[in-house]
Structures are given as C-alpha cells and as structure tokens.
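Contents: one structure, followed by commentary.
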Amino acid sequence: MLASVIFLIDLRLPLDYNVGVAYIVVILLGLGVDSLRYPVVAAGASTILVLADTAARGATPPPPSAFINQPLVVLLFWLSAALMVRLKRIEAHSASQVTRLEELRHALDEAAIVATTDVRGRITEVNEKFCRISKFSREELIGQDHRLINSGLHPKPFMKELWQTIGRGQIWHGEIRNKAKDGSLYWVDTTIVPFLDTKGHPYQYIAIRSDITERKAGEERLRNQEALARVGQLAAMVAHEVKNPLAGIKAALQILMGRRPAGDPDAAVMHEIIERADALNDLISDLLQFSKPKPPQMRLLDLRSVLSEAQALLRRDPIGAGVDCTVEGAPLAIQADQGMLRAAFSNLFINAAQAMGGHGTLQVQIHPDAGRARVTVADTGPGIPTEIRDRIFEPFFTTKSRGGGLGLAIAKRSVELHGGTLTVACPPEGGTVASIDLPTQPGPME
Ligand SMILES: Nc1ncnc2c1ncn2[C@@H]1O[C@H](COP(=O)(O)OP(=O)(O)OP(=O)(O)O)[C@@H](O)[C@H]1O
Ligand SMILES: [Mg+2]
C-alpha cells in the first residue's frame, strides 16, 4: 500500500527528485515483522518499482543525475535489507540464548539452594528452595547478609578464609551449618562462585548449596556408635578392675569413720573421699549401662509417679535440695521400664539443678496429647551456649569438671527405647527446656 503511494508520487515528479529513497521505509517496516524474508522481498519489490518508474517515463530521456541516483538508491535498498536480515539473526540468536539461560536457571533452581549476594555479602536474590530450608520469606532475606542464618558453629578464621577466597575471585567450596528461622539447624554443602568484572574484581557472588543434614546426622550417629564400641571394651575392663575394689575402699572408710570420735576433723576428709568414691561408682554404672544397655522391662506404670520418684531422688541429692521442683499433670498410663525411665528423668533434673547452681525453679509438666504425652522439664538456669547445643548428646561431652558426659546420651537412648524422643531447647526468655515425648496407654490410670 505504502509502496504504491510512493510509486505514484515518484511517477508524477521529475526523475531529478529521488522519491524512490522513501521505499527504505517500506523495507524498515520489516522491523515489526518476524519473517526473515520480508526485508529481501521488500528490497526486491522496491528495486522493481524504481526501475518501473524509469521505464514508465519511456520517451523522456532521463537526466544524467538519474544514472547516479538510481543505482545508489537501489544499493541503499539492498544494504538496508542486508542490515535488517543481520539484525534479525542476532535478535533470534539472543532470544534462543535467553531461553537457554532460563532453562539452565530453572534446572539449577530445581536442583539446588541458590542465592546471589552483592560484594558486601548482602542477599540480592534467593530461590524457592532457599526460602523453604531457611524458613524465611524472600522479603525477609533480601537485603540481609548471611549472618541472619549463621548458626554460630564456625569459628571466625573459617569465615575469614571463606571471604578472603571469594574476595580474591576464587571459588570457595565447603560445608556450612546454618540456622533456620525457627532455630532448627541444617547443613549445606556450599559452592560460592564470584562473578568478576573486566578488571577481575568480584561484583557479585552466587552461592549454590545442597542439603546434607541427613548425611551429617548419619556421620554423627556413626561417631557415637564408634565411641560406644570403645566404651564397651573399656567399661567391661573398668567394671571388673575398679568397681569391686571401690566398694571395698568405701566400706573400709565407713568402718574407719565409725571409729572416729565425734567432732574429729578427719571425718570431713573421709566423708569427701566417700563422696568421690560414690561419684566414681556412678560413672562406672553409667559406663556399663551405656555400653551394654539392658533391654527395657516394660510394664504398665503411671508416668506421674515415675516423675515423682525422680523428684524425690533430686531432693535427696545435695545439689537438688535447694531447688524448688514442682510436678504438674494428671496420672497417665504408660508402658515403661520403671528404673530406666526414672533414671532418665533424674539425669535431666540433676542437670538442671547443676546448671542453676543448686538454687532456682524446676517446673515439670505433663501434657497429654492424642495417645502420647509430652513432659517438659524447664529450669531457670543460664541456658546452653549456642556453640555447644548440638554436642550435648554426644557421649563424653561435658562442660563440668566432675561430669562424665554420659547423662544426656543415656537419657536419650532410654527414651528412644520407649518409642519416644528427647529434645533440649533454650527459649529466648532464658533457661533450658528438655522435652520428652512418649507413647501412652489408653484409659485412665488409678
Ligand atoms: N539444663 C541444662 N542447662 C544448661 N546446660 C546443660 C543442661 N543440661 C545439660 N547441659 C549441658 O550439657 C552437657 C552434657 O550433659 P550430660 O548430662 O550429658 O553430661 P554431664 O551432666 O556433663 O555429665 P554426667 O551427666 O555424665 O554427670 C553438660 O555438661 C552441660 O554443659
Ligand atoms: Mg548430666
């Protein structure tokens, strides 16, 4: 249509006026057309129309300028067409590259936990998997740095080495433990790739991670089992070699103490020796129980009574005498090994009393819930430092000068033998809360 208008105008004006140049507009209209052939067809048609215009004038001898202008105009048509074809090819290529990149990104998002940060470590982008594992929303994460999910496990030099590596433009690879919004911990295998500018300086980092929490838990279980096997050998030897002589020493000391006159200053020293011998005996019993656990002797019991027995044990212990311990909750029937469960609760109560330095409040509550019961043991102590929280169940892990580090490991295993779980948490308002979840028996307990 536009080409015909140009043709008519061109026909009416003398050949000196190069209206034919306007055909370029017709060729350029191809910018809005997808077809690669359009510019070529338009250039061809324009060439024919320009030649037709010259031919239509027939008799009129063309002015000399027409011999230069006409070929120039035609040359312009074909140059424009060639440029358009090239442009369209580049456009098609970039579109396919963008599609490819989007496909790659989709694949990456499906396979990994991805985040990008600026050079200062502030999060600029996160994918769905990142939000899911960290339990933070995208809005909560963007603009923050990774300290938001720092679990406090890795020492400063570790983080410094990470930042120095990526700051130099090198790739960092390692395993990091992070903390989700709800306080749960997760491990990620992490690769951080710096994006470099033309001068080789990083301008952003992309962190690609995969969840290895399960593997880490498996490794820990294995470590504990290995420790257990070592303890087994040791315990058998210790029990044999130490337990009996220890009982002999204690008995002899008790006889000697009985012979001392009242008010003898040595009696206090002897008393201290007996206490130490008792502690050593407890540790050996713990070792034996831990290394060769007896299968639980299950019978129908009242959970509340077991807790009251543990409470009585605490009151009899010097560290527990000054603790204000209350047990709340109705009687509840469970299938359990009385001695084993009592010892597990007693361990938790003693831990709490020790953490509170013998003074404070210990609140024990039973919460029945559809075939199960949750017992919470809440103290008003200082809580557990974040950096050791994931180690407290490790056999032999202790922060106490006279601790064996087996209390929680044994308690956890005893509870698990009853089909339950034992977790320890430190609420923001302070103190420590141990939660024991156990299956219960239907029906009321008299
Ligand atoms: N209620 C609590 N408050 C603060 N820290 C605690 C509490 N319970 C346990 N811990 C920490 O966990 C560590 C491990 O406890 P665990 O009972 O296994 O061993 P222990 O008490 O040190 O020794 P053991 O029980 O064998 O005498 C303790 O050393 C302590 O640091
Ligand atoms: Mg303990």
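First listed ligand is number 1; within each ligand, the first listed atom is number 1.
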* Asked: Quick one: does Ala355 get an N or O within less than 3.5 Å of an N or O on ligand 1?
  -> no
So the atoms of ligand 1 within less than 4.0 Å of a heavy atom of Gly383 turn out to be 4 (C)
Shortest non-hydrogen pair, Trp78 vs Val40, comes out as CH2-O, 3.8 Å
When distances are taken from atom 21 (O) of ligand 1, the protein heavy atom at minimum range is Lys400 NZ, 2.6 Å
Below 3.5 Å, N or O to N or O, backbone or side chain included: is there any such pair between Asn351 and ligand 1?
yes
- Any luck finding a side-chain donor-acceptor pair between Gln97 and Ser94 under 3.5 Å? no
Under 4.0 Å from one or more heavy atoms of Gly404, ligand 1 contributes atoms 23 (O), 24 (P), 26 (O), 27 (O)
Per-atom filter on ligand 1: closer than 4.0 angstrom to a heavy atom of Ile392 are 11 (C), 12 (O), 14 (C), 18 (O)
- Query: Is it true that Arg105 and Glu125 make a salt bridge, defined as a side-chain N closer than 4.0 Å to a carboxylate O?
  - Reply: yes
The closest protein heavy-atom partner of atom 14 (C) of ligand 1 is Phe397 O, 3.5 Å
### Query
Would you say Ala411 touches ligand 1, if touching means a heavy atom closer than 4.0 Å?
no
Are a donor atom and an acceptor atom from the side chains of Lys400 and Asn351 found within less than 3.5 Å of each other?
yes
*Sidechain-backbone polar pair: Asp337 side chain, Gln297 backbone, donor-acceptor under 3.5 Å*: yes
Atom 29 (O) of ligand 1: closest protein heavy atom, distance to 0.1 Å, is Thr399 N, 2.9 Å
inquiry  = Using a plain distance cutoff, I'd like to know if Leu408 has any nitrogen or oxygen under 3.5 Å from a nitrogen or oxygen of ligand 1.
reply    = yes
Checking heavy atoms under 4.0 Å, the part of Thr432 that sits near ligand 1 is side chain
Atom 4 (C) of ligand 1: of Thr380, Leu406, Ile384, Thr398, the nearest heavy atom sits on Ile384
* Hey, does the side chain of Gln311 reach the backbone of Cys325 with a donor-acceptor pair shorter than 3.5 angstrom? -> yes
Is the side chain of Arg138 donor-acceptor paired with the backbone N or O of Val126 at a distance under 3.5 Å, no angle test? yes
Worksheet item: Taking atom types as modelled and ignoring hydrogens, do the side chains of Arg122 and Thr117 form a donor-acceptor contact shorter than 3.5 angstrom?
Response: no
Contact region, Asp379 to ligand 1, non-hydrogen atoms below 4.0 Å, reads side chain
Return yes when Ala352 approaches ligand 1 closer than 4.0 angstrom through a heavy atom, no otherwise. yes
Contacts of Asn150 meeting side chain to side chain donor-acceptor pair (under 3.5 Å) (sequence neighbours excluded), chain-then-number -> none
Give yes if a backbone or side-chain nitrogen or oxygen of Gly405 is under 3.5 Å from a nitrogen or oxygen of ligand 1, and no if not.
yes
Report task. Give yes if a backbone or side-chain nitrogen or oxygen of Gly407 is under 3.5 Å from a nitrogen or oxygen of ligand 1, and no if not. Result -> yes
message: I'd like to know if the side chain of Thr440 reaches the main chain of Ile334, judged simply by a donor and an acceptor atom lying under 3.5 Å from each other, with no hydrogens or angles considered.
response: no
Note: ligand 1 atoms sitting under 4.0 Å from heavy atoms of Gly403 are 23 (O), 27 (O)
- Query: Going by atom types only, do Glu161 and Trp172 share a side-chain donor-acceptor pair under 3.5 Å?
  - Reply: yes
key: Check: Gln441/Gln335 side-chain N/O donor and acceptor closer than 3.5 Å   = no
| For Gly44, does its backbone N or O pair with a side-chain atom of Ser46 as donor and acceptor, under 3.5 Å? | no
A correct count of protein N/O/S atoms found below 2.8 Å of the Mg ion (ligand 2) gives 1
| task | Scan side-chain atoms only and decide if His367 and Thr376 contain a donor-acceptor pair under the 3.5 Å cut-off. | result | yes
